[in-house]
Amino acid sequence: MSSKQKPGLFRQWFARDSNGGTGTTTSAGSSKSRRSNGMGYGVEERSSLNSLEYRIFFKNAKGEYISPFHDIPLYADEEKNVFNMVVEVPRWTNAKMEINTKDPLNPIKQDIKKGKLRYVANVFPHKGYIWNYGALPQTWEDPKHIDPNTGFGGDNDPIDVCEIGSKVCQRGEVIKVKILGTLALIDEGETDWKLIVINVDDPDAANYNNIDDVRRLKPDYLESTVHWFRTYKIPDGKPENQFAFNGEFKDKDFAVEIIKTTHKYWKALVTKKTDGGPISCTNTTVPNSPFQCTQAAAKAIVEATPPCGNAVPVPNEVDKWFYYQKN
């Protein structure tokens, strides 16, 4: 990369480090060579990891800026019901990273609460997130639509995904997944579907084809998933989360229909057939979208964030254990 192109750290290959980051080191404002991954997507990190300004912007195989929310296709193989997943949070990590739906190009950023970076608590026996956690692109849980299954509107985000394979993925990695089932979380009066999926490249992927396979081959994993979502906000002083269907998982076919519905809502959003309020629909490739922008405009959006710098240390309290027993 030339000196004129050095605004951030660009990577298309993901090597693990202990914080779920890039596995590379960089001095402030430096750049790294581009490396290819199987999916062809890459990311450009801006500012310093563990800072309020940290962002992960996305690029396609041509090196063009894209939105992970709008420009990455939902389907990796529609005929086989294989979907693309954007990994926001690697397994065992605590930083609550998410696709920022309100910023142009929707970079991944760390959630902020009361001016501070948000980390999920370790509610014993769980350390951080117990799956690779992320979202399906080109989906949207419409808050104006009352879900007949739950009686509540959507949570205004892309649909969430829990990937249960053996590999610990990286922030910003795009992987192909197959759907196994879903859990209907009711989060503060909003419908928040949690898909259970497995990476199609996982060595055991062929053994997992529906939610019952998870129950059979990974004993207590589904029960632990319900416990995790039920209790993860309790250390913040909030009550237990609730679930539709009494916390029972629905099967693959049910989950795929939910995905198709949220994809339909996304299409209406990105073509301005529905009002998304503060959601940014800025994209670079979506046909018939009035929000499509040029690469020059996209580059300006990215460069408005400071260059990549050295990571800020994670606060010690992030490793604290919390113990909870229901009365």
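All of these numbers come straight from a predicted model, not from anything done at the bench. Along the sequence shown, residues carry numbers from 1. What you see below is based on every heavy atom in this structure, not just the backbone, and it leaves out hydrogens, waters and symmetry mates.
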Shortest non-hydrogen contact between [X] and [Y], atoms and distance:
X	Y	answer
Trp193	Ala184	CZ3-CB, 3.3 Å
Lys299	Glu303	NZ-OE2, 2.6 Å
Asn122	Gly128	OD1-N, 2.8 Å

Charged N-O contact under 4.0 Å between Arg171 and Glu45: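 Result for this pair is no, no salt bridge flagged.
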
Do [X] side-chain atoms and [Y] backbone N/O form a donor-acceptor pair below 3.5 Å?
X	Y	answer
Asn84	Lys176	no
Asn241	Phe229	yes
Thr191	Asp147	no
Asn132	Arg91	yes
His70	Ser280	yes
Glu163	Trp131	no
Thr271	Lys267	yes
Ser48	Asn310	yes
Gln110	Arg118	yes

Stepwise ring-ring contact (aromatic ring centres under 6.0 Å, His included) test for Tyr75 and Phe83: CA-CA 4 Å; Tyr75 289 97; Phe83 296 83; 4.8 Å; yes

Residue pair Arg46, Glu44: steps toward the salt bridge (charged side-chain N to carboxylate O under 4.0 Å, His left out) verdict: CA-CA 7 Å; Arg46 304 287 300 194; Glu44 181 175 312; 3.3 Å; yes

Distance-only polar pair, side chains of Ser67 and Asn106, donor-acceptor under 3.5 Å: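 Distance-only check passes for Ser67 and Asn106.
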
Any side-chain donor near an acceptor of the partner, Tyr133 and Lys96, under 3.5 Å: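 Short answer, no.
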
Step-by-step side-chain hydrogen bond (donor to acceptor under 3.5 Å, both in side chains) determination, Asp202 to Ser166: CA-CA 7 Å; Asp202 188 272; Ser166 58; 3.0 Å; yes

How would you list, by chain and number, every residue that makes a side-chain contact (heavy atoms from CB on, under 4.5 Å) with [X], sequence neighbours excluded?
X	result
Lys102	Asn100, Pro278
His145	Asp142, Pro148, Tyr265
Phe124	Trp321, Tyr323

Sequence neighbours excluded and cut-off under 3.5 Å, please list the side-chain donor-acceptor pairs for residues 245-255, or say none.
residue	atom	partner	partner atom	Å
Asp251	OD1	Asp253	N	3.4
Asp251	OD1	Phe254	N	3.0

Heavy-atom side-chain proximity of Phe58 to Ile108 below 4.5 angstrom: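 Of all side-chain heavy-atom pairs linking Ile108 with Phe58, at least one is under 4.5 Å.
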
Close side-chain approach of Phe69 and Ile279, heavy atoms under 4.5 Å: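 Yes. Closest side-chain heavy atoms under 4.5 Å.
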
Indicate every side-chain donor-acceptor pair of residues 213-222 with a distance under 3.5 Å to a residue at least two apart or in another chain.
residue	atom	partner	partner atom	Å
Asp213	OD1	Arg216	NH2	3.1
Asp213	OD2	Asn209	N	2.8
Asp213	OD2	Asn210	N	3.1
Arg215	NH1	Asp212	OD1	2.9
Asp220	OD2	Ser224	OG	3.4
Tyr221	OH	Ile130	O	2.7

Greater than 12 external heavy atoms within 6.0 Å of Lys113's NZ: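 It does: Lys113 NZ has more than 12 such atoms within range.
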
Exceeds 12 heavy-atom contacts within 6.0 angstrom, atom NZ of Lys127: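 Yes - once you tally the heavy atoms of other residues, nucleotides and ligands closer than 6.0 Å, there are more than 12.
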
Derivation of the salt bridge (charged side-chain N to carboxylate O under 4.0 Å, His left out) call for Lys167 and Asp201: CA-CA 9 Å; Lys167 175 186 175 182; Asp201 292 328; over 6 Å; no

Whether Tyr129 and Trp228 hold their rings parallel, tilted or perpendicular, with breakpoints at 30° and 60°: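 Geometry flag for Trp228 against Tyr129: tilted rings.
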
Audit row: Asn283, Ser289, side-chain hydrogen bond (donor to acceptor under 3.5 Å, both in side chains) steps and yes/no: CA-CA 8 Å; Asn283 66 84; Ser289 173; 3.0 Å; yes

Salt bridge (charged side-chain N to carboxylate O under 4.0 Å, His left out) contacts touching residues 67-90 (sequence neighbours left out):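 Sorted result for residues 67-90: empty, none.
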
